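Keep in mind that this is a model prediction, so the values were computed, not measured.
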Amino acid sequence: MKFWFIVSLFVLSSCGGSGGSDASGGGSENKGPTFDMTFSPSGITEQLIESQATSWQISANVSITGEVTNNLYIFVIDNNGLISEDVSIVQQSESIYELTLRTKDDLASGDYIGNITVKLCKDINCSSEHSGSPWSIPIDVKVESHTNLTPLTAITNYNGWQTYQSNNAHTGYIPVVLDPNKFTLRWLWKSDENTQLYKGAVANGSFFTIENKGGLNENDRNILAISEETGSLLWQEILNSELAPSGITINEDTVILSRLVDGVGQHYSGYDTALGSLQFDFYINSYTLRYAPLVNSGQLFYAGIVEQQLSLSSVNLNSETTNWATSLSKEFPANYVPAFFNDSIYYYDSGLVVLDNATGSITANIPDSNVSNNNLDYTSPVVAENGNAIILTRGLTPRLSVYDVANQSLLWSLENNYIHNPITDHESVYTTSLTTDGSQDYITVDSLSLITGANEWSKNVSIRHSGVVDITLNMLVTDNILFLSTSENVFAINIDNQEVIWNYPFGGKLSLSENGVLYIERVESYGDSTNKLAAVNVH
């Protein structure tokens, strides 16, 4: 495949077009100027997954001996079937041009080894080349199959990623030791180009997610069930909702979510995990959508209006009756859900508040005088194995705080430019911040002692895009590996030595199934418009 561009002296303008086989024309004529072109990087080496697209930026340094009096024609020729027609060349300076080459999004598996040829021609047909032309950019691209349906093996003492940050304590922790040498892509799930998936959960052999096509019709929002075994769509149900529904919680054999219907209140709905049939649907006078609903032992906990009073309430899912309602001083922020631990409900209200699950009465109220009133946004509580609660308040001065519930005291509190909800493996707290050395942006992962807040280690992970674009999406931690996802990449960090031991070029929200399948739910697309969900065998 051949792409050509017309170039006036030091001024580049793309004329587009492609086609035809290579008309070599030689390069034997020595009249006129002589050109040299060097590239950085000098070649392309990459490992991709079948149907996974990516792009490369190559800097071309052009030097000229002699006088240029006519238009120049740059031809980029790929006879390897690797590059899409979306090629661009942009002039960076008098002699530096940036080539952006994008792979096709339907690449078949195999080895793509050869050269991309760059020619500088005297005419639009490239019947004659300028002295010095052509130049070659070596490529060595290996494309692996996107389907590897190996037998599934259950993780002991783990029931799957059933709600926000895996469990009702929101720890993001999975009790398993993983071997990165066994990590292989299981399948990729493709969808309509405009579809967005978000806030999924996985249990009972299926991945459940919300599909949002961005339109206003009721069939623009669906709940999907995707087979973990094969990646095939098992069932889908239309969600009649004015806005994108909440995240998903899986409670035993029921998929539960909330959705805004009438512009004021929410409907909480439950669907059978196997068939998708509606199990219940009831109205609650609450108007702010949350992360996945908080459900435990047949009780749903939600923030809403009860008898004209903003309250945190408990509802029996079988009878749809209110068990209790405890007054709240202010509305929770958007995308927030309380935590459940040892028959107690945890939430933030200028400090940590703990309620008894049976009665709704307050059993602990631990203020935090360090937190400014400017910090009106805060993360959902994370509850460690010892009952201590971790909360990140965000605003002008982000602060990470750990509360000792047993002694009803603030254990420690740290101020930093934290950007992500913390997680814990019950010994350490993991969180992230954005740092830069002036030339490169990094996401810094901090491991802090749960007991003292002391820094155990920090790891800078380089990100390709600026921090505004390539943000931290979420983390999950096992007994030996911390997974960090950005909008473009997933990194596996060895907890013992902080080495990045695995890197997958497909970013998104992470979750891990009870069968050891890591899900990456695509949020943004960089040259990849249709791949929305990756399932990776990690166990």
Side-chain angles (χ1 to χ4, degrees), residues 159 162-171 246-247 249-252 254 256-258 265-270 279-333 336-368 378-391 401-411:
N159 295 320
Q162 298 193 2
T163 188
Y164 170 64
Q165 291 195 172
S166 184
N167 50 62
N168 281 342
H170 312 319
T171 61
S246 74
T249 286
I250 302 171
N251 184 52
E252 296 179 349
T254 306
I256 303 171
L257 53 83
S258 67
Q266 293 182 70
H267 281 248
Y268 280 83
S269 305
Q279 303 298 297
F280 62 81
D281 182 79
F282 60 90
Y283 173 87
I284 288 178
N285 188 4
S286 177
Y287 52 86
T288 303
L289 293 176
R290 317 288 178 197
Y291 275 125
L294 179 61
V295 179
N296 188 77
S297 299
Q299 292 183 82
L300 167 71
F301 305 93
Y302 75 96
I305 307 298
V306 177
E307 297 181 354
Q308 299 183 332
Q309 172 64 51
L310 179 64
S311 303
L312 180 64
S313 303
S314 166
V315 173
N316 186 300
L317 286 176
N318 292 322
S319 63
E320 300 180 12
T321 57
T322 299
N323 299 315
W324 50 257
T326 300
S327 297
L328 296 174
S329 64
K330 58 178 177 290
E331 176 77 9
F332 291 145
Y336 182 88
V337 59
F340 188 99
F341 178 80
N342 276 3
D343 293 326
S344 295
I345 311 299
Y346 288 63
Y347 67 93
Y348 182 82
D349 187 358
S350 300
L352 180 70
V353 181
V354 182
L355 303 182
D356 177 73
N357 166 56
T359 65
S361 59
I362 296 176
T363 59
N365 192 340
I366 311 170
D368 185 356
Y378 39 91
T379 64
S380 301
V382 176
V383 187
E385 194 173 45
N386 61 2
N388 288 354
I390 308 155
I391 294 175
S401 301
V402 173
Y403 300 84
D404 184 340
V405 175
N407 295 306
Q408 299 208 18
S409 63
L410 179 65
L411 193 60

Visitor: Scan the side chains in residues 357-367 for donor-acceptor partners under 3.5 Å anywhere in the protein, sequence neighbours excluded, and list what turns up.
Guide:
{"unit_1": "Asn357", "atom_1": "OD1", "unit_2": "Gln299", "atom_2": "NE2", "d": "3.2"}
{"unit_1": "Thr359", "atom_1": "OG1", "unit_2": "Asp356", "atom_2": "OD2", "d": "3.1"}
{"unit_1": "Thr359", "atom_1": "OG1", "unit_2": "Ser361", "atom_2": "N", "d": "3.2"}
{"unit_1": "Thr359", "atom_1": "OG1", "unit_2": "Ser361", "atom_2": "OG", "d": "2.8"}
{"unit_1": "Thr363", "atom_1": "OG1", "unit_2": "Val354", "atom_2": "O", "d": "3.3"}

Visitor: With sequence neighbours left out, write down each residue that passes side chain to side chain donor-acceptor pair (under 3.5 Å) with Asn167, or none if nothing qualifies.
Guide: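 Asn167 satisfies side chain to side chain donor-acceptor pair (under 3.5 Å) with Thr171 once adjacent residues are dropped.
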
Visitor: Checking Leu328 against Asp349 for the side-chain contact (heavy atoms from CB on, under 4.5 Å) test, could you report, in this order, the C-alpha distance in whole Å, the side-chain angles of both residues, the deciding distance, and whether it holds?
Guide: CA-CA 8 Å; Leu328 296 174; Asp349 187 358; 5.6 Å; no

Visitor: Using the test salt bridge (charged side-chain N to carboxylate O under 4.0 Å, His left out), find all partners of Asp343 that sit at least two apart in sequence or belong to another chain.
Guide: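 Once residues adjacent in sequence are excluded, Asp343 has no partner under the salt bridge (charged side-chain N to carboxylate O under 4.0 Å, His left out) criterion.
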
Visitor: Check side-chain contact (heavy atoms from CB on, under 4.5 Å) between Asn407 and all other residues, then give those that pass, not counting sequence neighbours.
Guide: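 Partners of Asn407 under the side-chain contact (heavy atoms from CB on, under 4.5 Å) test: Asp404, Ser409.
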
Visitor: Out of curiosity, Leu300 CG to Ser313 OG, how far, rounded to the nearest 0.5 Å?
Guide: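 The distance works out to 9.5 Å.
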
Visitor: Can you give each donor-acceptor pair under 3.5 Å made by side-chain atoms of residues 379-387, sequence neighbours left out, with the distance rounded to 0.1 Å?
Guide:
{"unit_1": "Thr379", "atom_1": "OG1", "unit_2": "Leu392", "atom_2": "N", "d": "3.1"}
{"unit_1": "Thr379", "atom_1": "OG1", "unit_2": "Leu392", "atom_2": "O", "d": "3.4"}
{"unit_1": "Ser380", "atom_1": "OG", "unit_2": "Val337", "atom_2": "N", "d": "3.0"}
{"unit_1": "Ser380", "atom_1": "OG", "unit_2": "Val337", "atom_2": "O", "d": "3.1"}
{"unit_1": "Asn386", "atom_1": "OD1", "unit_2": "Asn388", "atom_2": "N", "d": "3.0"}

Visitor: Applying side chain to side chain donor-acceptor pair (under 3.5 Å), name anything that partners Tyr347, two or more places apart in sequence or on another chain.
Guide: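 Tyr347 satisfies side chain to side chain donor-acceptor pair (under 3.5 Å) with no other residue.
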
Visitor: Take Phe280 and Thr254 through the test side-chain contact (heavy atoms from CB on, under 4.5 Å) and record every step on the way to the result.
Guide: CA-CA 10 Å; Phe280 62 81; Thr254 306; 4.0 Å; yes

Visitor: Rounded at 0.5 Å granularity, tell me how far OH in Tyr403 sits from CD1 in Ile390.
Guide: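 That separation rounds to 11.5 Å.
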
Visitor: Please enumerate all residues that pass ring-ring contact (aromatic ring centres under 6.0 Å, His included) together with Phe340, with sequence neighbours excluded.
Guide: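 Testing Phe340 for ring-ring contact (aromatic ring centres under 6.0 Å, His included), a comparison that skips the adjacent residues, returns Phe301.
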
Visitor: Specify the closest pair of heavy atoms between Gln309 and Ser327, including all atoms of both residues, with the distance to one decimal.
Guide: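 Nearest pair, atom of Gln309 first, then Ser327: CG-OG, 3.5 Å.
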
Visitor: What is the distance from atom CG of Asp368 to atom CD1 of Ile391, rounded to the nearest 0.5 Å?
Guide: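 Spacing of CG (Asp368) from CD1 (Ile391) equals 9.0 Å.
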
Visitor: Can you name the side-chain contact (heavy atoms from CB on, under 4.5 Å) partners of Thr249, sequence neighbours left out?
Guide: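 side-chain contact (heavy atoms from CB on, under 4.5 Å) check on Thr249 returns Thr163, Ala292, Pro293, Val295.
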
Visitor: Please give me the minimum heavy-atom distance between Gln165 and His170, naming the atom from each residue.
Guide: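 Closest pair (atom of Gln165, atom of His170, distance): NE2-O, 2.5 Å.
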
Visitor: Can you name the side-chain contact (heavy atoms from CB on, under 4.5 Å) partners of Thr321, sequence neighbours left out?
Guide: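 side-chain contact (heavy atoms from CB on, under 4.5 Å) check on Thr321 returns Asn316, Ser319.
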
Visitor: Starting at OG of Ser246, measure out to OH of Tyr291 and round the result to the nearest 0.5 Å.
Guide: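 These two atoms lie 11.5 Å from each other.
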
Visitor: State, with a plain yes or no, whether a side-chain heavy atom of Ile250 is found less than 4.5 Å away from one of Ile256.
Guide: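 Contact flag for Ile250/Ile256 side chains = no.
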
Visitor: Does any donor atom in the side chain of Gln266 or Ser258 lie under 3.5 Å from an acceptor atom in the other side chain?
Guide: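 Judged by distance alone, the side chains do pair up.
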
Visitor: Checking Glu320 now: which residues fulfil side chain to side chain donor-acceptor pair (under 3.5 Å) with it, not counting sequence neighbours?
Guide: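 By the side chain to side chain donor-acceptor pair (under 3.5 Å) rule, Glu320 matches no residue at all.
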
Visitor: At their closest point, which heavy atom of Phe282 faces which heavy atom of Ile284, and how far apart are they?
Guide: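 Shortest heavy-atom contact: CE1-CD1, 3.6 Å.
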
Visitor: Sequence neighbours excluded, which residues qualify as ring-ring contact (aromatic ring centres under 6.0 Å, His included) partners of Phe341?
Guide: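 ring-ring contact (aromatic ring centres under 6.0 Å, His included) check on Phe341 returns nothing, list empty.
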
Visitor: Who are the side chain to side chain donor-acceptor pair (under 3.5 Å) partners of Asn342, not counting sequence neighbours?
Guide: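 Asn342 satisfies side chain to side chain donor-acceptor pair (under 3.5 Å) with no other residue.
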
Visitor: Count the heavy atoms belonging to other residues, nucleotides or ligands that lie under 6.0 Å from CD of Glu252, then report whether that count exceeds 12.
Guide: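 No.
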
Visitor: I want to know whether Tyr378 and Tyr336 have ring centres closer than 6.0 Å.
Guide: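 Yes, ring centres under 6.0 Å apart.
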
Visitor: Testing the basics here: between Trp324 and Leu312, what is the closest heavy-atom pair and its distance to 0.1 Å?
Guide: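 Taking Trp324 first and Leu312 second, the nearest heavy atoms are CZ3-O, 3.2 Å.
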
